[in-house]
Every structure is written in C-alpha cells, then in structure tokens.
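Since the model is a prediction, treat every value here as computed from it, not as a measurement. In the text below, chain A, chain B and the rest are named by the order of the sequence lines, each starting its count at 1.
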Amino acid sequence: MTETGGREVTFLEAVREAMVQEMRRDPTVFLMGEDIGIYGGAFGVSKGMLDEFGPERVRETPISEAGFTGVATGAALMGMRPIVEIMFLDFITLAMDALVNQAAKMRFMFGGNASIPLVCRAPSGSGTGAAAQHSQSLEAWFINAPGIKVVAPSSAYDAKGLLTTAIRDNNPVLFIEHKLLYRTKGAVPENSYTIPFGKAEVRRQGKDITIIAYSIMAQRALEAATRLAEEGIEAEVVDPRTLKPLDVETIVGSVAKTGRALIVHEAPVTGGFGGELTSAIVESHAFDYLDAPVRRLGGRNIPIPYNRTLERASVPQVEDIVETARALAREGK
Amino acid sequence: MTETGGREVTFLEAVREAMVQEMRRDPTVFLMGEDIGIYGGAFGVSKGMLDEFGPERVRETPISEAGFTGVATGAALMGMRPIVEIMFLDFITLAMDALVNQAAKMRFMFGGNASIPLVCRAPSGSGTGAAAQHSQSLEAWFINAPGIKVVAPSSAYDAKGLLTTAIRDNNPVLFIEHKLLYRTKGAVPENSYTIPFGKAEVRRQGKDITIIAYSIMAQRALEAATRLAEEGIEAEVVDPRTLKPLDVETIVGSVAKTGRALIVHEAPVTGGFGGELTSAIVESHAFDYLDAPVRRLGGRNIPIPYNRTLERASVPQVEDIVETARALAREGK
Amino acid sequence: MSSPDVQELLDTNSAVVPESLALTLPREKLEWMLGKMCETRYFEEKAEELYTRGLVHGTMHLSIGMEASPIGSIAALEPDDLIVNHHRGHGHTIAKGADITTMMGEFLGKEPGYCRGRGGSMHIVDIAHGNMGATGVVGSGIPIAVGVALALQMKHSAQVVLCFFGDGATNEGAFHESLNLASIWALPVVFICDNNHYGMSMSYRHSMNISKISVRAGAYGIPGFTVDGNNVLAVYQTVKECVDWARAGKGPSLVENLTYRWRGHSKSDRNLYRTPQEIQEWMQRCPIKRFKQLLRDSQIMSEQETETIDQRAKETIDRAAELAVQMPEPTPENMEDEVYAP
Amino acid sequence: MSSPDVQELLDTNSAVVPESLALTLPREKLEWMLGKMCETRYFEEKAEELYTRGLVHGTMHLSIGMEASPIGSIAALEPDDLIVNHHRGHGHTIAKGADITTMMGEFLGKEPGYCRGRGGSMHIVDIAHGNMGATGVVGSGIPIAVGVALALQMKHSAQVVLCFFGDGATNEGAFHESLNLASIWALPVVFICDNNHYGMSMSYRHSMNISKISVRAGAYGIPGFTVDGNNVLAVYQTVKECVDWARAGKGPSLVENLTYRWRGHSKSDRNLYRTPQEIQEWMQRCPIKRFKQLLRDSQIMSEQETETIDQRAKETIDRAAELAVQMPEPTPENMEDEVYAP
Ligand SMILES: Cc1ncc(C[n+]2csc(CCOP(=O)(O)OP(=O)(O)O)c2C)c(N)n1
Ligand SMILES: Cc1ncc(C[n+]2csc(CCOP(=O)(O)OP(=O)(O)O)c2C)c(N)n1
Ligand SMILES: [Mg+2]
Ligand SMILES: [Mg+2]
C-alpha cells in the first residue's frame, strides 16, 4: 500500500481524482454522460471537471444511454479511452446491447483486430430511498458476459487505484460505485497509482470463518467482524475487489484455512454473484477443508421498496452479517 | 404424463400448438414480434398462425425490441396476455429495461395494484453458425431479477405444457427455446395440458452421479448417461425445466442419493446458472452426503465463434459430459 | 388537423387561445382546472416542507410552475380515459382524481399509500381513476402507454390514453420506437411532452438540434403541436383536439407544452445551469396567476371566488398531510410474497 | 444543402443525375465503380454456390441487385475515410478495398480470414482499409459509427465516416439516439440507408407511416435525401455532397438509397411476402446493367470494355474462392486468450 501521508478523501473524490489524473496524463481519456458538466453529475462525482477539461472532454449527453454507450464503443474502437457514466446502474438495462453484444465481443469476433478500452462507471445499490428502479445491484449479469471486466471497490483507496487501472486497461470495464460509499472517507495518496485487477484484499485476518464481501458489503462485513470479535469469533474478511477477473486463490486459501465461508452481497441472493463464489470454493481444494456448507447472505428476492424500513430490511445489514456468521461459525461444531 | 396415443411432433410444433390452443381458448392472448406473420418467424414457429388469427393477434412489429416489449408490458397491465417473440435471445439486450425494470417490478412497486401476464419467447444457443451475436444463452441474467420467471424446456412435451402454463401465468415469464431443439421430435398429446412451474423431471434414474441439465443440455446429458451406463456408471439426469421457480427439493434429493453432482449448461460457465445450482445443493442437507465437489460443465468463457469446429468446441458436447461425469464419478473413490 | 404555426409562444406571454374559450366552457370545468392547479401547487409546497422536516426518505421531483400542462391536458379527457405518468407527475395524479391523502401517504412511504409505501413519489398508481402508474426510468413509460392504447384498440374501447414525458425523454430510443408503433397501428394515444426546457441540467436547446420538439411528429407521419404550456386553456384546447382525433380512430399525435420548473430538478440541484433572471422571468408567467387573471378579466369569477377555490385547495392539502403523517408504516415481513401475482 | 423534391424516383426508372456527370468523372473512377459492382455480384453468386455445396456453416445476407448503393456511396470517399458496416455488407467491404480472398476466407470460416474465422459474413472487419467492422444486431452499428466520428472530430482529423444500415434499422431506438447525438455535436458522419424496401419480410411502407425515410432527418435538424439507389452515379453524387458537407465541419446528413434485394432475406426466406412480379420489375432495374448501358450510351466505354471489366471481376472472385476453400481451418485451443486485449 502506497504511503498516504495521512491524507484522507472521500470515495467520491477518489473516483474523481483518478479520472482527473488520467485525463491530465492521457489526452485520449474523456468522460461522457448525463449532467456531468456544470451539474457535476447526479452525485457530484465530476464536479469541477468541466472547468479544467472543457466540454469536449467532459462531454454532456442527452438522455440516450444506449446511444452514448454505443458512441463510446465506437470511439474506443478508434483508440480513444472513453469513460461513460451511467447515472444509475439501473439504466444500464438500456445499454446492454452496446456493452455485451458490441463492446465485449468485438475483439474476439473481429479475430483480434480491435480493442475497446472503455470504462463504464455506474452508481449501484439501495439506501437512498429511490425505490425499485434506482437501487439495483446488477453486477451478476456481466460476470456471465465474456469480454467485459467487473470492478466493485469498497474503499476510497481502492476506488482510485482500481479506476486508474480500469482506464488504462485495453478492454471494457464495468466500474461499480455504491452510492452509500461516496461519502465514506479513507486514506488516499495524492499521486496516481494503480491496483492490479484480480487481486483480492484480506481486510482482516481471522481463523474461524471467512467472510467474502465486496463493494459496500465489504465495509459492513468489517463492522460485523469487529462485533464478532467481541464474541470471540475471529472472522477473516476477504474483499475480491474485482469480480472478473476473480482472485480465486486468495479466497480459496482463506476458506481452506478457516473451513467456513460466508458470502455477502447486496444483489438478490438468487442468481447473484454468490453462486459463482460458492462454485469457485466448492470446485477447489478448499472443499476438503469445509467444516460447514458455504453460505450466502444476499439481498432478498424482491425489488427494492421505497419505504425506509422496508428498504433497509431488503439487503444485508451489519447485524444480519453478524447473525449469519455467528450461526455458521457454530455449525457442525 | 398425459396419454399421447403415439402422436409425435417437433419441439417447434409443440410451441406453436400451445400458442394456437391458448389463443383459441382466450381472446386476450396474442402474439407480437418481428416477421411472425406470413414469414412465420425466423425459425417458422408461427407458420400458419396469421391465417387463423389475423394480423391483430399475430401482430407483426417493426424492428423495435425495446418498444414492442414495452408495448406488451402496457397491454398486459391492461389485462391482455401478450406473447412476445424476440427473434434471437441475444436481442433481449435491447429489452432489458422493459422486462427487468418495468414488467418484473410493476406488481411490487405498485403495491400489488398490477399484474403483468406477459410471456417473452426467445430462441437461444449456438450450433447454427450464426456467431457471437446470435448464439447466446442469457438465462442467468433473469435469475437475478426478481419478478420474472424463467423456463427452459428440453422436450417437445415440456415445451407445450410449460408454454401453456406460462401463458396462463399472471406474471412475466421468459421462455427459452433452444434453436437446435426446434426440429427434435417427441410424444405430445394433441389436447391442451399444463405442466406446473417449479417441478423438475428426473429423466433417468441412477445411483452413481446426478447430472443436472436443462434445455438442450438435458438431451445431451441423457445421451451421455446412456454411454456412461455402458461403462457401468449409472447417472441420474435431473432436468429442472423451470429455472425460476426452481425445484430445489428434487435436485437436492437426487444429489443426497448419489453423492455427486454435475451441472451442465451452455452459457459460459463463469457467472452462469450453474453457480446458483451449486449453492442450492451446497446450502442444503445434501452437502453432508457429497462424496465429491459439485462440478459445473458450462460453455467456455468466450463469445461464440463462427467457424463450425470452434463453435462446437465452445459449448459442452455429449463427449464432454461423459468425460466430466466419468471423472467425477471416480473422484474420491 | 395540422400543426399551427406557433411563433415563439413564450415571448408573447399571452394565450394564443381566444379568451372567449373560457366563456364557452362550463363553469365547473373552469373551477375544476383552477382547483386542481392550486392543489398541485400546494401539494408540492407541502412536499417540500415535509422533505425539509426530514419526513421524506428519498428524492422528489417538483413541478411548481408547470401545473397548466398536466391539468389542461387531463381536463380534455373523459373520466374513464387513462394516463401513463412520469417521474414529475404530481399534477397528473391529482388531476386524474387521486385521493390526496392516499397520495400523500405514498409520498411518505406509508402502508395505506397508493403503493403501500413500496413505490413513493415516482411510482404512484391509481388504477381506479385511470392512472396506470409511473416509471422513474426516463422514456420508459412511453411504450407502456402505447401498450395501454393497443389494449384499448383490441378491446374496441372508446377510451383514450394520454402519455406524459419530458423534453429530455424525447431523446431516448423508447420515444422513437413507441411513436412509430403507435402511428402504424393508429392507436388512441396522445403523446404529451411537458417541455420544461431542461432535462436535469441540459437545456433542450442543447440536447437536440431543433427548436420545436413537435417537429419530431413528422418522423412518424402524425400531427404535432407546440403550445404555450403555461396557459391552461391553450393546453386544454389542443389536447382536446388530439383526444377527439384519437377517439375517432385517427391515431396518435404529439403535443409539446412549453413550460418551466421553478424549483431544481430534484433536491440535489444547485441550479447552476440557469440564471436567476431566467427563473424570475418564468415566475412572472405563473400558470395559476395567469388563469386567475383570465377568469377575472373575462368576468367569469371574482377575485373572491378564485381565492375561495385557492383556499379550499390549500385546506385539502393541509388536511391530507396531517392525516398522512399519522398513517401507519408498512412492515417488512413476507415481502417475497408480493413479487408475483397468484 | 437542402433535400431535393424527389418524386417517386423509382417509377421513372431513370437517373435524376444528368448522364453528363459520367463525362466529368475520371475514367478510372467509372471503371472502379463498375468493377466493384461486378465483383460484389460475383462474390455473392459464388457465396450462394458455396452455400449450396454445403461449404458454409451459418447464414448469409445477399445484396444482389443492391450493388449501386454501397459502391456509389463509398466511391465518394477518400481512401483514408472510414465506414461502419451492417449485416448485408459484402458490397461495402469490397468497395472499401478488402482483399477478396481474405474476405472469402472469412466467409468460409478460415483461419486466414479477416476475423480468423471467428466472425463470418456478418462481422467482416478490415481496419487497414478503413472498414471498422459490422454488427449483426440491427441498428447497433449506428452509435458505433457516431463514436468513430466523434473520435475523428476529437482528433481534428479530416476523415469522414459512412454509416450503413437498412430501412428496418431506422425503426430502432439506436437510429434515433445516434442521429440526435451526431447532429448536436456536428460530427463528420453520413448516415446511409440501404433501403431495399423490406426488413426481413416487412415492407418499410408498413413498418413506418411515412413514404420517405429521409424525412426522419428533420427530427434532428440535418439534411435528408432520397436517391434512386440503383443508379450508382446518383448515389455517388448525393453522398459526395454529404461527405463534403461533413468534411467541411457542417455535420451529419442522411441519405436514403432506394433499392431492392433480388434474393430472399437469408437462406430461410421463402419469399412469401412479395410477388414474383415485384421481384421481376426490380430485376429490370439492375444497377449493373443500367450502369453499363449508361457508360455505353454516353460512349465512355464500348460493350467490349465493360465486359472486360465484368470478366475480370468474375475471374477475381473465382480465383479467390479457389484459394479460400483451401485455406486452413482454425483450431479451438486457447480461445480464452483471445477475449481480452493485453
Ligand atoms: C433512463 C434514465 N436516464 C436518466 C435518468 C435520470 N433522470 C431522472 S429525471 C431526468 C431528467 C429528465 O428530463 P425530462 O425528460 O425533460 O423530464 P423533467 O425531469 O424535466 O420533467 C434524468 C436525467 C433516469 N431517471 N432515467
Ligand atoms: C436487433 C435485431 N433484431 C432483429 C434482427 C433479425 N434481423 C436480421 S436482418 C433483419 C432485417 C433488417 O432489415 P433492414 O434493416 O431493412 O436491413 P436488410 O436486411 O433489409 O438489409 C432482421 C429483422 C437482428 N439481427 N437484430
Ligand atoms: Mg424537462
Ligand atoms: Mg431492408
């Protein structure tokens, strides 16, 4: 981990910093999306960028997600490095053809005669009272779509380093930013740095159980681990950081050590990324060390409701992680 | 199983028969899609239906997948029962908002004040030399989208019964038809019948290993089981038929009996439905009976290539299933 | 029916519609229009207040200053006609007959609200009154409205559906595909663009290279109109013509109501993309004030009469808010059972 | 630049362009046009033959009868200009300079083919000659072409991109969103609709409620033209004007080339949606025959000269097919390594 000199910034600022530094460094990098200019984007991520880079490179678009994601694909095909902001991950439903059928497939389908260095940034998740169509966690779709990488950072530090890597990557990358992380702070070096894809981070060491969690759930898992420690349960928290490529080795290594695995994500549990993680564990040598079944704690299988209480009850909270982990840690003992 | 009186029809005819019989029975049922009229649809599924039902109920659309899927949603909201044909499942990328953000969520989001009886039929899969954008198996996306059911029949008999059920269901249903199944024949009663959702079919009994496979892979698994039997390995083949709702009980019961589970699907293995099936098994009591890890055999993590040899090598074939099952059956013995 | 040559309606700041139209309409209709506009205004001011008091979890989209567009449009409907609404849809919901307390309850996420607190401000549905619901995905309501119209046509119904959306929504593919489908099938739908000049922050003058959105009708061979959307009678008259056209089986049409939102797009808006002058100018064109003035000028109502309607609207809203605040919250058990219809 | 009032170009079956245009063009250009049209025709006849012989796995979309549209359009480009192609794109690929053997190899799924056998007929790419590839998803190439144009503009390039698609594609949302984006940014792209009168089986007269697709340009404030797409010089002239317009920084435009495909949509087509007479009538308007006739009538070439070009094209194709059939097949090892760029 790079020296930060005690400097703390928010996740949101870290995302912006990665974009700004890459845009200074490489004239082919530019940002495209709705209301990213003077408005600064729906969440303020690009605030101030218009002033520095002008409307050519902080390019506001009409409300046309399919169109501008396709445009970004075409620009990337020409060697530009567009970053596309989809205002809410939910609206990526409008750009699935552009991302999955075009951007992700072009290299292979064209026999290697193309590369598409495209980053698609999108705020995900619930917790802001925006209801069913503005609160989804759709990462699982892209795991099953070869040709696109998927990144879901949980800290400001990772956000900056992984986004820098994403922008320099020569392939389409979906970069998922949980809305509730935007205001969280963390130590972040001012200088530019990269974090390699496919390297999980063990956020906390433990011997009793492995909790695998990404994006905001990595933070909640850490809080849960602190509480569990008070009860004498030492949880190891592994944050894969990039879901594709996935650092199977670190995950499996941890599970082989603890013998127990709890997977946590916000997306509905059924059909979520948890199944892939379960398979990765079960198909590995860690299977022989399992003292209890691999467990998933995911969002409930419902659209996200508007009411605050219902919304909170729809996705894993710290107390849910504590409870599930506790039960799993005791299972079979 | 209903008496068929020896009558055999193709999968394609079975699909058509279900539509025709439901349209005769219920005037609110109608079919909508591209070139479904005089052309009979890209694969000929609706051949002849225009003559019987006229252009109102066999409603041809311009090339506007997002638009007409949204239109179907609105019509369903009004109590109609539209069947939408997406010419290739790959183009459902254009209708993800309509299906996932609108149709699937309306009932919940509107507090129960709506129901959307909509069937979306789509031909899936590779094997026709149509390359990366006309050969996908995208079912996994919809598993993680609460509010929409997913059906993937493997036989003519199931196709007719499940489609009839789908049309009468009061919710959005994605009905996946593998292109290579269209010409396969099977015993199918002439009269209308339904097959309940959420009931797997044990296609072959066996004691050594459970192979879970759906759509075309259920057929290939059966062929593989025949070959395995020649080697003395008795494979039980379970076809879930509906992926959501999923008959966990039958699957888990079989695995608890055989102690070994092989999951086969055509979609790329990473992020496919196999992970969900693995989790369902591992989270159940069958975990305690597992003599070997749960294995997945899926498509390779690549877009489908054009060349015939490459295409064939991209997704599980009978010999791949035989090989993987054989190895798994021996593992840990 | 052909598009009138409307020249910069807004600069004239006057009704293109002869004031005499007011004289031909039943008094109750005019009272209804004024009442619903006032209710909408007060509803939204109350919504803001509740938001500021921390009683609302989530975002909201206010249409203060835009009331003439939804209310003038819906005034042109018969009671059993339908609407499909969008995210900035309080006025539409009210005009279509919503019970204000139930609506306020939904806004507050309460169990007795229109969506049992599951939907919130962006998704209010009121099937009993012909409000077929709203989507928060810009443009996505348009095909749904076309589907509603298709069902009406297939059922040989005489009903018509109004489909509401903003200027920004007309840049979505859904707009294009939907208008095309409605046109080739001659469906009974009127497309109404509440053109408030901006998407979230992008002026429609930058988001498209045409000065009137109504010209887009030409791409589908349907009539298109641009109307002074702050003149409730002008809106009423044009939409009425289009509704009649649709009811007669002649197919869809597109009406662009030029208007303006006084407030920010939503609560996160710092209004940096427009000038205080511009907002001021538009506040001068307040659709409610203008309508009251017209009613007085044409001596249909006295000031006291308009103010009585206004006051009654305020009381309706105040009472609704009081009741709604006390409504019970929903509880999270068994939500899985609500996802699928039996 | 403004849309000419083209009246049912096709009924006249004559060039709107003065034949004298032919006289002003360099002879090599005319030879090139005729040669490329003949190569396209023979390529597709050969493709059909190979298909019938069972050498092709998969589908194919033939443009026999439509050759003037791609070739006339691409004739208007400078060599380093670009194209984005669609599923019915053999003529475009050939006109943009593809090596026919490599192209035939791809059609046959061979390792030395343009996509190493991974893409096939629908996805031929030839970056070296400025063919940026093709998509098989109808309409999806349009935003990609706009992105290519955006890159050109941002790089201050003088290049222009032609974006090809069919009549059916103009009903997709992608068409709408893309033309709007290209227009507001004044990008150097010319949108060219190969209007062959049908999608797969749906006549464009049923898939939209307008008689000319070029009127859709009006929704984006850009020029639109309808051209006799079986007259290679008419196509050339109009597209040239549009290319110049784009190169001058004036932005996009839309050209609709009215033409017709003689063959079915693809191999599964039984041609039930159109009459044999209609097909016959269009075969009378063969763009190659017409161009040969014009060249002879205006005494630019003798019959022997046009037939020499024709014969040379045939030989090129025959030779290419012979070589391509013998090319090695790809092997399936390590395909995973091809998915991501290093
Ligand atoms: C598909 C989609 N893209 C972006 C958004 C975010 N968003 C919500 S409202 C809005 C502006 C919509 O503009 P307009 O259609 O003019 O309606 P208005 O808000 O002005 O009433 C945007 C960009 C969204 N909800 N859906
Ligand atoms: C999005 C999408 N929908 C449907 C199809 C199937 N399809 C392939 S070509 C075609 C017709 C396209 O018509 P048009 O755009 O006029 O081009 P043409 O084939 O006539 O050249 C259709 C429906 C497709 N490939 N992509
Ligand atoms: Mg607006
Ligand atoms: Mg066509």
Side-chain angles (χ1 to χ4, degrees), chain A residues 27-30 32 55-57 59-82 84 94-98 100-118 145-149 169-173 197 244-245, chain D residues 82 84 106 111-120 122-128 132-137 139-155 157 161 163 172-182 184-185 187 189 330 335-342:
Chain A
T28 67
V29 178
F30 68 104
M32 205 157 66
E56 275 262 306
R57 294 182 69 200
R59 184 172 290 265
E60 290 209 315
T61 65
I63 312 177
S64 314
E65 287 80 3
F68 68 74
T69 308
V71 168
T73 304
L77 178 64
M78 293 287 289
M80 300 297 287
R81 295 188 169 271
V84 158
L94 297 161
M96 293 304 286
D97 171 65
V100 174
N101 286 341
Q102 314 302 331
K105 292 188 171 47
M106 277 170 131
R107 181 174 185 78
F108 184 91
M109 190 170 80
F110 289 165
N113 288 299
S115 62
I116 309 294
L118 162 69
I148 184 164
K149 302 183 181 184
D169 197 286
N170 288 323
N171 298 282
V173 178
F197 284 0
K244 198 171 57 171
Chain D
L82 308 173
V84 169
E106 187 55 36
E111 178 69 26
Y114 269 113
C115 307
R116 304 183 53 215
R118 274 77 173 154
M122 262 192 296
H123 303 297
I124 295 177
V125 71
D126 176 14
I127 308 267
M132 304 307 291
T135 156
V137 184
S140 291
I142 312 180
I144 292 172
V146 174
V148 169
L150 175 61
L152 294 176
Q153 190 189 63
M154 290 180 81
K155 291 172 174 182
S157 162
V161 59
C163 171
E172 284 280 13
F175 170 86
H176 178 67
E177 298 185 13
S178 302
L179 269 71
N180 191 53
L181 289 167
I184 61 168
W185 294 334
L187 297 180
V189 51
M335 285 192 290
E336 285 78 0
D337 299 343
E338 302 171 20
V339 179
Y340 296 94

Side chain, backbone, both or neither: which part of [X] has an atom under 4.5 Å from a heavy atom of chain A?
| X | value |
| --- | --- |
| D/Asn180 | side chain |
| D/Leu82 | side chain |
| D/Tyr114 | backbone |
| D/Ala134 | backbone |
| D/Met122 | neither |
| D/Ile124 | neither |
| D/Pro330 | neither |

A/Lys105 side, atom NZ; D/His123 side, atom NE2 - distance, nearest 0.5 Å
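If I round to the nearest 0.5 Å, the distance is 10.0 Å.
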As an exercise, state the distance from CD of D/Glu177 to CG of A/Leu94, rounded to the nearest 0.5 Å.
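Going from CD on D/Glu177 over to CG on A/Leu94, the span is 7.5 Å.
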How close do D/Met132 and A/Phe110 get, heavy atom to heavy atom, and via which atoms?
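Where D/Met132 meets A/Phe110 most closely, the heavy atoms are O-CE1, 3.9 Å.
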Which heavy atom of A/Gly111 sits nearest a heavy atom of D/Arg116, and at what distance?
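Nearest heavy atoms, A/Gly111 then D/Arg116: O-CD, 3.4 Å.
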Contact origin within A/Asn113 toward chain D - heavy atom pairs under 4.5 Å:
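Interface part for A/Asn113: both.
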Under 4.5 Å, counting heavy-atom pairs only, tell me which of A/Met32, A/Arg57, A/Arg59, A/Glu65 racks up the most with chain D.
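It is A/Arg59.
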So which of A/Pro146, A/Ser115, A/Ser64 has the largest heavy-atom pair count under 4.5 angstrom toward chain D?
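It is A/Ser64.
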With A/Phe197 via side chain to side chain contact (heavy atoms under 4.5 Å, CB included) - residues at least two apart:
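By the side chain to side chain contact (heavy atoms under 4.5 Å, CB included) rule, A/Phe197 matches A/Lys149, A/Val151, A/Leu162, A/Thr165, A/Ala166, A/Asp169, A/Val173, A/Thr242, A/Pro245.
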